[in-house]
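Here the structure is laid out as structure tokens; the discussion comes afterwards.
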Amino acid sequence: MENIKVIGFDADDTLWINEPFFRDSEEQFCDLLEGYMPRHDIMKMLFRIEIKNLDLYGYGIKAFVLSMIEAAMEITVETVSPQIIQKIIQIGRNQLLMPVENLPGVEETISYLKDKYKLVVVTKGDLLDQERKLVKSGLLPYFHHIEIVSEKKESEYNKLLKHLDIAPDEFLMVGNSLKSDILPILEIGGWGYHIPFHTTWAHEQVDITIKNEKFRELKSIDELIQILP
């Protein structure tokens, strides 16, 4: 652990609240279309279409809106009204305008760590939206580098380490997703600290037991202050 020079933080649901807003938007989407089929079937169809579109649209609210519109077309057999389409667009617009709420202990923790380590943000999502949230969060000045990627794979982490000019065991990744934040960095020899969030998108969920000396599961982000040297 004494080798760690750089700490990478996931953004959504690690630094600030994000996923509950998507769950609320899904519920509003179901409200619009539950006259066509049961809510659980609407949710299943929307999820299927989101996953199908990931390679084309990527992650984020704008991609989510496009998938909702496509799902509405399929659910209504292409008879969806312009009024419903407008309401779907408004759901996305409202989500983009939501205030950024930092999670407890985040600012205090990174404020403490910034004088001892180089801090970076490593996040997926829409570039414009993630940049907006970073500014609104007030956390941007604490970070040396911001990396917004289309997917968090081993290859992307290797590129980041090369850019930072560090070895894998000099990098610690902190995040709420085992699939995106922890497993890839452990695979290439880095450190991964998992901070579970109470709501996780189904696509990010994995059922796995990790046995790796460089892995830890934390209850809250401020535990980093006590753990790190």
Side-chain angles (χ1 to χ4, degrees), residues 1-19 22 50-51 54-55 58-60 102-106 109-110 112-125 130 133-134 139 142-229:
M1 196 181 298
E2 288 76 12
N3 289 341
I4 296 173
K5 296 179 179 178
V6 181
I7 304 176
F9 290 90
D10 171 54
D12 295 333
D13 302 315
T14 298
L15 298 178
W16 52 68
I17 295 172
N18 178 65
E19 193 61 25
F22 279 94
E50 284 184 271
I51 298 305
L54 273 180
D55 288 343
Y59 297 87
N102 294 335
L103 286 162
V106 164
T109 299
I110 63 174
Y112 172 82
L113 294 174
K114 71 176 177 60
D115 294 326
K116 304 182 71 176
Y117 303 90
K118 185 178 291 184
L119 306 184
V120 301
V121 172
V122 188
T123 184
K124 296 187 294 189
Q130 295 298 68
K133 287 189 283 189
L134 273 165
L139 303 177
Y142 295 108
F143 293 102
H144 168 79
H145 178 71
I146 309 299
E147 191 80 9
I148 300 174
V149 298
S150 57
E151 201 56 89
K152 288 181 180 176
K153 299 178 179 178
E154 294 169 28
S155 58
E156 295 298 328
Y157 284 109
N158 276 321
K159 288 179 186 176
L160 175 61
L161 297 182
K162 184 176 181 179
H163 173 78
L164 296 169
D165 194 26
I166 57 172
D169 70 347
E170 296 174 318
F171 182 78
L172 164 64
M173 184 65 193
V174 179
N176 69 294
S177 171
L178 287 173
K179 180 180 178 180
S180 294
D181 302 321
I182 307 304
L183 294 176
I185 197 65
L186 292 177
E187 191 65 29
I188 64 173
W191 299 76
Y193 287 2
H194 181 226
I195 308 175
F197 189 67
H198 63 81
T199 302
T200 303
W201 188 32
H203 182 62
E204 291 292 334
Q205 295 176 11
V206 292
D207 185 12
I208 188 172
T209 300
I210 299 176
K211 295 182 179 180
N212 188 308
E213 63 180 6
K214 294 180 180 178
F215 169 76
R216 288 199 186 198
E217 185 162 294
L218 311 181
K219 292 181 179 179
S220 62
I221 197 168
D222 51 17
E223 289 184 50
L224 291 170
I225 296 174
Q226 283 75 46
I227 292 172
L228 293 173

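Everything numeric here is computed off the predicted structure, so don't read it as measured data.
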Would you mind reporting whether [Y] and [X] have side-chain heavy atoms less than 4.5 Å apart?
X: K133; Y: D12; result: yes
X: E154; Y: P184; result: yes
X: I17; Y: L103; result: yes
X: V120; Y: E147; result: no
X: L160; Y: F171; result: yes
X: L113; Y: Y142; result: no
X: L228; Y: I7; result: yes
X: Y117; Y: L172; result: no

Heavy atoms only: give me the nearest [X]-[Y] pair and the separation to one decimal.
X: V106; Y: L139; result: CG1-CD1, 3.8 Å
X: D10; Y: M173; result: N-CE, 3.5 Å
X: L186; Y: W191; result: CD2-C, 4.2 Å
X: N176; Y: D181; result: N-OD2, 3.2 Å
X: A11; Y: V121; result: CB-CG1, 4.2 Å

Sidechain-backbone polar pair: K114 side chain, H144 backbone, donor-acceptor under 3.5 Å |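 No, K114 side chain to H144 backbone: no donor-acceptor pair under 3.5 Å.
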Practice problem: Could you tell me whether a side-chain N or O of K214 sits under 3.5 Å from a main-chain N or O of G189, the two making a donor and an acceptor? | Solution: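 Looks like yes, one N/O pair under 3.5 Å.
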Kindly assign one of parallel, tilted or perpendicular to the pair H194 and F215, based on the angle between their ring planes and the thresholds 30° and 60°.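 Rings of H194 and F215: parallel, as their planes differ by under 30°.
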Given side-chain contact (heavy atoms from CB on, under 4.5 Å), test L164 with E170 step by step and report yes or no.
CA-CA 10 Å; L164 296 169; E170 296 174 318; over 6 Å; no
Open item on the list: With rounding to the nearest 0.5 angstrom, report the OH to CD1 distance, Y112 to I225.
Closed with: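 Rounded to the nearest 0.5 Å, the OH-CD1 separation comes to 6.5 Å.
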Original post:
Please, which pairs that meet side chain to side chain donor-acceptor pair (under 3.5 Å) have at least one residue in residues 219-229, sequence neighbours excluded?
Top reply: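 The answer is S220-D222.
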- Message: Working note: F9 + L224, criterion side-chain contact (heavy atoms from CB on, under 4.5 Å); need CA distance, chi angles, decisive distance, verdict.
- Response: CA-CA 12 Å; F9 290 90; L224 291 170; 3.8 Å; yes
Legend entry - Salt bridge E156-K159, side-chain N to carboxylate O under 4.0 Å: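 A salt bridge links E156 with K159.
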